[in-house]
Student: 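Below is one structure. I have some questions about it.
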Amino acid sequence: MNAHRPAARVRGFSLIEVLVVVAILGILGLVVMPLAGKFFRRSRAVSVTSSINRQLSTARLEAVRRGVQVVVEISTIAGPDGANQIHLKTFSDNNPDFVLGTYTPAGGGPAKNEAVLGEINLDPKIHIWKYGGTIDDMSTGVLWNTYNGSGSLQNRIVFLPTGALTPPQAGNSGPPSSSSGRGIYFADASGSPAVGKNYFRVTIYSDIVARPRIEKYVNSSVQYATTGWTWL
């Protein structure tokens, strides 16, 4: 007759062990979640600044290639969550009159539509927002206003066939300084009501060689700069 060995007893976790594990997970969560939030905000901001830079650089190259004025118009549209979303539209301005419409070809013939060269919607978590200003305020956050003496020509960046910039004429849209001047000002937002975390500006310093430049708000003494960035 075969003897049967008693089944091995499986020891479970004690209440103290479970509580210790839960406490460790809680501590890890407190440490990791802020870091994860910062990582996602940084990734989002880098993606948006790269998209704006690419859109402006492409518009400048298209102006040179086509031999016509090219305009990048900045606006906001309703995003997927109903909040405002930054929208960029690039078009050839053959007339040139700074607005998208029709033109008469040089050789004559029927009028043609000016071409839309590109449109992008930026991340809905990124909003027009100048540091110290108000979220989604185009009047302070997009300072590329007034052309040909017309105050109705607002929120547009204009590149010439030479690769130069048509400077905006509004008083607040002059050459950029550390705190103001022409530029697209924007920030990432979180919470309700929205709180701005990191503030940026895309601007163009030279009227002759109109290449975009990306800057971030550093602090009250440095303000917008290309170096000294930290992430919140």
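All values derive from a computational prediction rather than experimental measurement. The chain is numbered in sequence order, starting from 1.
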Student: Return the CD1 to OG distance between Ile157 and Ser173, rounded to the nearest 0.5 Å.
Tutor: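 Rounded to the nearest 0.5 Å, the CD1-OG separation comes out at 10.5 Å.
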Student: Mark yes or no for whether Lys130, through its side chain, and Ser139, through its backbone, hold a donor-acceptor pair below 3.5 Å.
Tutor: no
Student: Taking atom types as modelled, is there a side-chain donor on Ser180 or Ser177 under 3.5 Å from an acceptor on the other?
Tutor: yes
Student: If every non-hydrogen atom of Gly151 is compared with every non-hydrogen atom of Thr146, which pair is closest and at what distance?
Tutor: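 Closest pair (atom of Gly151, atom of Thr146, distance): CA-OG1, 3.8 Å.
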Student: Is Leu153 linked to Ile204 within one hydrophobic cluster, defined over Ile, Leu, Val, Met, Phe, Trp and Tyr using a side-chain heavy-atom separation of less than 4.5 Å?
Tutor: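 Looking at the clustering, Ile204 is in the same group as Leu153.
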Student: Are side-chain N/O atoms of Ser150 and Asn148 paired as donor and acceptor at under 3.5 Å?
Tutor: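 No.
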Student: Would you find more than 12 non-hydrogen atoms of other residues, nucleotides or ligands less than 6.0 Å from Ile77 atom CD1?
Tutor: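 Counting other residues, nucleotides and ligands, CD1 of Ile77 exceeds 12 neighbours.
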Student: Treat each ILVMFWY residue as a node, draw an edge where side-chain heavy atoms are under 4.5 Å apart, and state whether Met138 and Val158 are in one component.
Tutor: yes
Student: As an exercise, state the distance from CD of Gln85 to CD1 of Ile128, rounded to the nearest 0.5 Å.
Tutor: 11.5 Å
Student: Taking all non-hydrogen atoms of both residues, which atom of Ile52 and which atom of Phe186 are closest, and how far apart?
Tutor: CD1-CE2, 3.6 Å
Student: Should we say atom CZ of Arg211 is surrounded by more than 12 heavy atoms from elsewhere, each under 6.0 Å from it?
Tutor: no
Student: Taking the side chain as everything from C-beta on, heavy atoms only, tell me whether Leu122 gets closer than 4.5 Å to Ser51.
Tutor: yes
Student: Give a yes or no answer on whether the side chain of Thr76 reaches the backbone of Asn84 with a donor-acceptor pair at less than 3.5 Å.
Tutor: no
Student: Just do the salt bridge (Lys or Arg N to Asp or Glu O under 4.0 Å) check on Asp93 and Arg66 with the steps written out, would you?
Tutor: CA-CA 10 Å; Asp93 188 23; Arg66 292 170 177 266; over 6 Å; no
Student: Can Ser50 and Asn53 be counted as having a side-chain donor-acceptor contact under 3.5 angstrom?
Tutor: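 Note: Ser50 and Asn53 side chains miss the donor-acceptor criterion.
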Student: With a 4.5 Å cut-off on side-chain heavy atoms, are Val64 and Phe159 touching?
Tutor: no
Student: Within the distance-only criterion (no hydrogens, no angle test), does the side chain of Gln69 pair as donor or acceptor with the backbone N or O of Leu160 below 3.5 angstrom?
Tutor: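 Here the side-chain-to-backbone pair does not exist.
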Student: Out of curiosity, His127 NE2 to Thr134 OG1, how far, rounded to the nearest 0.5 Å?
Tutor: 13.5 Å
Student: Heavy atoms, side chains only, cut-off 4.5 Å: are Asn145 and Asn155 in contact?
Tutor: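 Yes, at least one pair of side-chain atoms sits under 4.5 Å.
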Student: In the structure I gave you, are the side-chain heavy atoms of Ile74 and Ile184 within less than 4.5 Å of one another anywhere?
Tutor: yes
Student: Do Val195 and Tyr131 sit in one hydrophobic cluster, given that two such residues count as connected whenever their side-chain heavy atoms are within less than 4.5 Å of each other, even indirectly?
Tutor: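 Different clusters.
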Student: Using the rule given for ring pair (Phe, Tyr, Trp, His ring centres under 6.0 Å), can you reason through Tyr185 versus Trp129, listing the C-alpha separation, both sets of side-chain angles and the distance that settles it, and then say yes or no?
Tutor: CA-CA 6 Å; Tyr185 294 81; Trp129 202 346; over 10 Å; no
Student: Sub-3.5 Å donor-acceptor pair from the side chain of Arg44 to the main-chain atoms of Arg42, do we have one?
Tutor: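 Not a single qualifying donor-acceptor pair exists.
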Student: So which atom in Ala164 and which in Ala210 form the shortest heavy-atom distance, rounded to 0.1 Å?
Tutor: C-CB, 3.8 Å
Student: How far does CG of Leu232 sit from CG of Asn198, to the nearest 0.5 angstrom?
Tutor: 5.0 Å
Student: Please name the pair of heavy atoms, one in Val202 and one in Pro212, separated by the smallest distance, quoted to 0.1 Å.
Tutor: CG1-CB, 4.1 Å
Student: Apply salt bridge (Lys or Arg N to Asp or Glu O under 4.0 Å) to residues Lys125 and Asp188 and explain how you reach the verdict.
Tutor: CA-CA 6 Å; Lys125 295 295 185 182; Asp188 55 356; over 6 Å; no
Student: According to a hydrophobic-cluster definition based on side-chain heavy atoms being under 4.5 Å apart (Ile, Leu, Val, Met, Phe, Trp, Tyr only), do Val71 and Val68 belong together?
Tutor: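 Different hydrophobic clusters.
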Student: Quick check for you: to the nearest 0.5 Å, what is the distance between Glu73 atom CD and Lys89 atom NZ?
Tutor: 6.5 Å
Student: Pro167 and Arg182: which non-hydrogen atoms are nearest, and at how many Å?
Tutor: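 Heavy atoms of Pro167 and Arg182 come nearest at CB-NH1, 4.1 Å.
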Student: Around atom NZ of Lys216, are there more than 12 heavy atoms from other residues, nucleotides or ligands closer than 6.0 Å?
Tutor: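 Yes, NZ of Lys216 has more than 12 neighbouring heavy atoms, counting only those of other groups under 6.0 Å.
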Student: For residues Ile126 and Ile86, determine if any side-chain heavy atom of one lies less than 4.5 Å from a side-chain heavy atom of the other.
Tutor: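 Yes - at least one pair of side-chain heavy atoms lies under 4.5 Å apart.
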Student: Is it true that the NZ or CZ of Arg213 lies under 6.0 Å from the centre of Tyr205's six-membered ring and within 45 degrees of the ring axis?
Tutor: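 Yes; both conditions hold, so Arg213 lies above the ring face of Tyr205.
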Student: How about OH on Tyr199, more than 12 heavy atoms from neighbouring residues, nucleotides or ligands closer than 6.0 Å, or not?
Tutor: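 More than 12 within 6.0 Å, yes.
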Student: Is there a side-chain contact between Val70 and Arg60, using heavy atoms and a 4.5 Å cut-off?
Tutor: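 Not in contact.
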Student: Under a 4.5 Å side-chain heavy-atom rule over Ile, Leu, Val, Met, Phe, Trp and Tyr, are Val48 and Ile135 clustered together?
Tutor: no
Student: Do Gln223 and Val218 come close enough that some side-chain heavy atom pair is under 4.5 Å?
Tutor: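 The answer is no, as the side chains (C-beta and beyond) never meet within the 4.5 Å cut-off.
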Student: Can I get a per-line list of side-chain donor-acceptor pairs under 3.5 Å for residues 98-116, giving both atom names and the distance, sequence neighbours left out?
Tutor:
from   : atom 1 : to     : atom 2 : distance (Å)
Glu114 : OE1    : Gly101 : N      : 2.8
Glu114 : OE2    : Asn94  : N      : 3.0
Glu114 : OE2    : Asn95  : N      : 3.2

Student: When rounded to the nearest 0.5 angstrom, what is the spacing between CH2 in Trp144 and CD in Gln154?
Tutor: 14.5 Å
Student: Do the ring planes of Phe200 and Trp231 sit parallel (below 30°), tilted (30 to 60°) or perpendicular (above 60°)?
Tutor: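 Answer is tilted, since the angle falls between 30° and 60°.
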Student: Any luck finding a side-chain donor-acceptor pair between Tyr224 and Arg201 under 3.5 Å?
Tutor: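 Judged by distance alone, the side chains do not pair up.
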Student: Regarding Gln55 and Thr90, do their side chains bring together a donor and an acceptor under 3.5 Å, going by distance alone?
Tutor: yes
